Asks: 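Got a structure for you, questions after.
Residue numbers begin at 1 in each chain, while the letters A, B, ... track the order of the sequences. All of these numbers come straight from a predicted model, not from anything done at the bench.
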2 protein chains.
Amino acid sequence: MTERLIQSIERAADILELFLAYDQELSVKDISSKLGLSKSTVHGIIKTLEYRGYLQQNKDDLKYKLGLKLFELGNRVSHQFDLGKIARPIIKKLVDELQETVHLVVFERGEVIYIEKLDGPRALRIYSQVGKRAPIHCTGVGKAILAFQEGEEINRLLSNTNLEPYTEYTMTNKEELINHLHFIREQGYSIDDEEIELGLKCVAAPIFDHHQHVIGAISCAAPKVRMDDVKLAEFIPRIQQAAESISQSMGYKTNPTLL
Amino acid sequence: MTERLIQSIERAADILELFLAYDQELSVKDISSKLGLSKSTVHGIIKTLEYRGYLQQNKDDLKYKLGLKLFELGNRVSHQFDLGKIARPIIKKLVDELQETVHLVVFERGEVIYIEKLDGPRALRIYSQVGKRAPIHCTGVGKAILAFQEGEEINRLLSNTNLEPYTEYTMTNKEELINHLHFIREQGYSIDDEEIELGLKCVAAPIFDHHQHVIGAISCAAPKVRMDDVKLAEFIPRIQQAAESISQSMGYKTNPTLL
DNA sequence: GAACGATGTTCGATAATGCCGAACGATGGA
DNA sequence: TCCATCGTTCGGCATTATCGAACATCGTTC
């Protein structure tokens, strides 16, 4: 596949995505030095993006930040997601039943992104945030998605990742992780036991589309102290059932030959 | 101001924004005919946008839709908005008090966009949607923002608008509207009485920043039947108070010489 | 208050590259 | 099987995005 990509659009994308990495206002100088482009080039791109509402300039310090047009577009994306629409009532019911925080993520192009988060009644401060990426190797949802990839996809995805240790319990050995993924695939759900954040435990199950491909996952997250074996035994079938019911709404048909 | 904008970025923006206008999947053909560009040009731009995650192709019908990268970026924008963060608890309190739906909008570059919406306990199906634009001439928030513009700004903004009638009560006469705006400015709040949707009544008040410029507005929306004069008299000071308290959090200082 | 530094903005020349038209490929329907 | 439709590739040309340098603007220092 010999792509012929358009340079200036890529540069515009580079600039926009710089704001994802830094999460602060950036000056022309900042951007040009970080990307290794001349000030005037960056200036031209930025002014175009500003003109179209993709960036906005702070009139006090002349620095730039992401603009409202992206808010508008981003919001439209979430409405496009049938998955979100279908899953919302099911997730709501799950939160009511389990009294804990539930997440919905989608998987696309090797990335796992939180698209819905419904807090349980009890407070829980955790990493996850709608719109942010989830690591694939140390979250319940990431591992659930990874485990159900077809063929060499697991290896491909893991070769692009460097198994960053978030806590002392994060699996950083590739062999070990792959074995663990096979186990997850057999049992049909995944557990994250303080692998991304100390004191946090999650149970997750994969969601499939009508092609039997994994398109996302849901998880229930709670402090480890509230997640004992009894609770776990109670939560697991609920989450699997919810995931299955979402999958069926996406057109997924249970295939007896697969398992 | 002799802008030197970058064509291919503008074209990319044109394509992305086409999805705002049509809200459906679009094919290469659709896009090229709607924009008057050759198929190959559109193809190049689209593939670049897809490569970067700004569009995604439906593998079944080869059509495109907005991609997850925009979701990620758009979500980051909303977090950038101090206004949203500051206003949320105040809005929540307002909904509790009034038991009706409250909106928060921002004003930027002539556009009014809903950035927060908190439903009251009683159901209410209305036009507004987070991320969508609000018309300026026939919504409470739009008129509140318009009324407090400086100098010739009102005329400039209205000259770009064609006062589209949404209902039989929408003001479509420019002179009449401008008089009405002066009145709103004097009384400090605006009312929308079935001007955008039959049966819907809103009260709105403007939000100012530390430069005394209007940066947004909040409104309370309810079915007209629930919004009688008694309720109105009760709601107006609450909404004005909430708006003022948000303004003060934004650094706004009440200026006695202004009123 | 003048000189300086740092950064944003403008401008002209040039080489790169994005654009179009035409051809090719793939798919589905008649 | 042929045809129609649409997505994709390719080569040549003219457009235009890029860079460096100059200019503007702001804040700071002495």
Asks: What integer distance in Å separates A/Leu26:CG from C/dT7:C1'?
Replies: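 So the CG-C1' distance, A/Leu26 to C/dT7, works out to 15 Å.
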Asks: Give each stem of DNA chain D as a range with a range, requiring at least 3 consecutive Watson-Crick or G-U wobble pairs whose two distances are under 3.5 Å.
Replies: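 Stem list for DNA chain D: C:1-30 with D:1-30.
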Asks: For A/Glu164, what residues pass the side-chain hydrogen bond (donor to acceptor under 3.5 Å, both in side chains) criterion, not counting sequence neighbours?
Replies: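 Here no residue qualifies.
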Asks: Look at the side chain of A/Ser8 and decide which nucleotide, out of C/dG21, C/dG8, D/dT18, has an atom nearest to it.
Replies: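 The answer is D/dT18.
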Asks: Under 4.5 Å between any side-chain heavy atoms of B/Phe148 and B/Ile207, yes or no?
Replies: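 No. Closest side-chain heavy atoms not under 4.5 Å.
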Asks: Write down the distance between CG (B/Leu62) and C1' (C/dG25), rounded to a whole number of angstrom.
Replies: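 From B/Leu62 CG to C/dG25 C1': 13 Å.
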Asks: Would A/Tyr64 and A/Phe19 count as a close aromatic pair, with their ring centres under 6.0 Å?
Replies: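 No, ring centres 6.0 Å or more apart.
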Asks: With a 4.0 Å cutoff (strictly under), does any side-chain N or O of B/His43 reach OP1 or OP2 of D/dT8?
Replies: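 Yes.
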Asks: When you match A/Gly44 and B/Val42 each to their closest nucleotide on DNA chain C, which lands nearer the 5' end?
Replies: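 It is A/Gly44 whose nearest nucleotide is closer to the 5' end.
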Asks: Nearest to the side chain of B/Val28, heavy atoms from C-beta on, is which of D/dT8, C/dC19, C/dG8?
Replies: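 The nucleotide sitting nearest to the side chain is D/dT8.
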Asks: Rounded to the nearest Å, what distance is computed from the CG atom of residue B/Asn58 to the C1' atom of nucleotide D/dG7?
Replies: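 So the CG-C1' distance, B/Asn58 to D/dG7, works out to 14 Å.
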Asks: From CD1 of B/Ile46 over to C1' of C/dG18, roughly how many Å is that when rounded to an integer?
Replies: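 It works out to 15 Å between those atoms.
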Asks: Show, in sequence, the C-alpha distance, side-chain angles and deciding distance for B/Ile215 and B/Phe208, and conclude whether the side chain to side chain contact (heavy atoms under 4.5 Å, CB included) test is met.
Replies: CA-CA 5 Å; B/Ile215 54 169; B/Phe208 299 91; 5.9 Å; no
Asks: State, yes or no, whether a side-chain contact exists between B/Glu50 and B/Lys47 at a heavy-atom distance under 4.5 Å.
Replies: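 Sidechains of B/Lys47 and B/Glu50: in contact.
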Asks: Quick one: which protein N/O atoms are closer than 3.5 Å to N/O atoms of nucleotides 13-17 of chain C? Pair and distance per line, please.
Replies:
| unit_1 | atom_1 | unit_2 | atom_2 | d |
| --- | --- | --- | --- | --- |
| C/dT17 | OP1 | A/Gln7 | OE1 | 3.4 |
| C/dT17 | OP1 | A/Gln7 | NE2 | 3.1 |

Asks: Please report the distance, rounded to the nearest Å, between CD1 in B/Ile45 and P in D/dT16.
Replies: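 Taking CD1 of B/Ile45 and P of D/dT16, I get 13 Å after rounding.
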Asks: Just do the salt bridge (charged side-chain N to carboxylate O under 4.0 Å, His left out) check on B/Lys132 and A/Glu72 with the steps written out, would you?
Replies: CA-CA 6 Å; B/Lys132 282 216 172 170; A/Glu72 207 179 344; over 6 Å; no
Asks: Taking 4.0 Å as the cut-off, does a side-chain nitrogen or oxygen of A/Gln57 come that near to OP1 or OP2 on C/dT7?
Replies: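 Answer no for this pair, as no side-chain N or O of A/Gln57 is under 4.0 Å from OP1 or OP2.
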Asks: Walk me through whether B/Glu17 and A/Lys69 qualify under side chain to side chain contact (heavy atoms under 4.5 Å, CB included).
Replies: CA-CA 9 Å; B/Glu17 287 160 35; A/Lys69 186 58 103 326; 3.5 Å; yes
Asks: Does the A/Gln149 side chain pair with the main chain of A/Ile145, one donor and one acceptor, at a distance under 3.5 Å?
Replies: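 Yes, the answer is positive, given that a donor and an acceptor are paired below the 3.5 Å cut-off.
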Asks: From the set C/dC19, D/dG7, C/dT9, return the single nucleotide nearest to any side-chain atom of B/Lys39.
Replies: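 In terms of side-chain proximity for B/Lys39, the closest of C/dC19, D/dG7, C/dT9 is D/dG7.
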Asks: Looking at A/Lys29, I'd like to know whether one of its side-chain N or O atoms comes within less than 4.0 Å of OP1 or OP2 on C/dT7.
Replies: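 Affirmative; the distance criterion is met.
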Asks: What's the verdict on side chain to side chain contact (heavy atoms under 4.5 Å, CB included) for B/Leu49 and B/Leu16, showing C-alpha distance, side-chain angles and the deciding distance?
Replies: CA-CA 9 Å; B/Leu49 290 171; B/Leu16 292 179; 4.1 Å; yes
Asks: What is the distance, rounded to the nearest whole Å, between atom CG of A/Asp30 and atom P of C/dA6?
Replies: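 Checked: the CG to P distance equals 15 Å.
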Asks: Rounding to an integer number of Å, can you tell me how far B/Leu35 CG sits from C/dC19 P?
Replies: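 So the CG-P distance, B/Leu35 to C/dC19, works out to 12 Å.
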Asks: Under 4.0 Å: is that the gap between some side-chain N or O of A/Ser40 and OP1 or OP2 of C/dT10?
Replies: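 The answer is no; no side-chain N or O of A/Ser40 sits under 4.0 Å from OP1 or OP2.
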Asks: May I ask you to test the A/Lys143-A/His137 pair for a side-chain heavy-atom distance under 4.5 Å?
Replies: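 Side chain of A/Lys143 against side chain of A/His137, heavy atoms only: no contact under 4.5 Å found.
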Asks: Between B/Asp61 (CG) and D/dC6 (P), how many Å, whole number?
Replies: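 After rounding, the gap between these two atoms is 13 Å.
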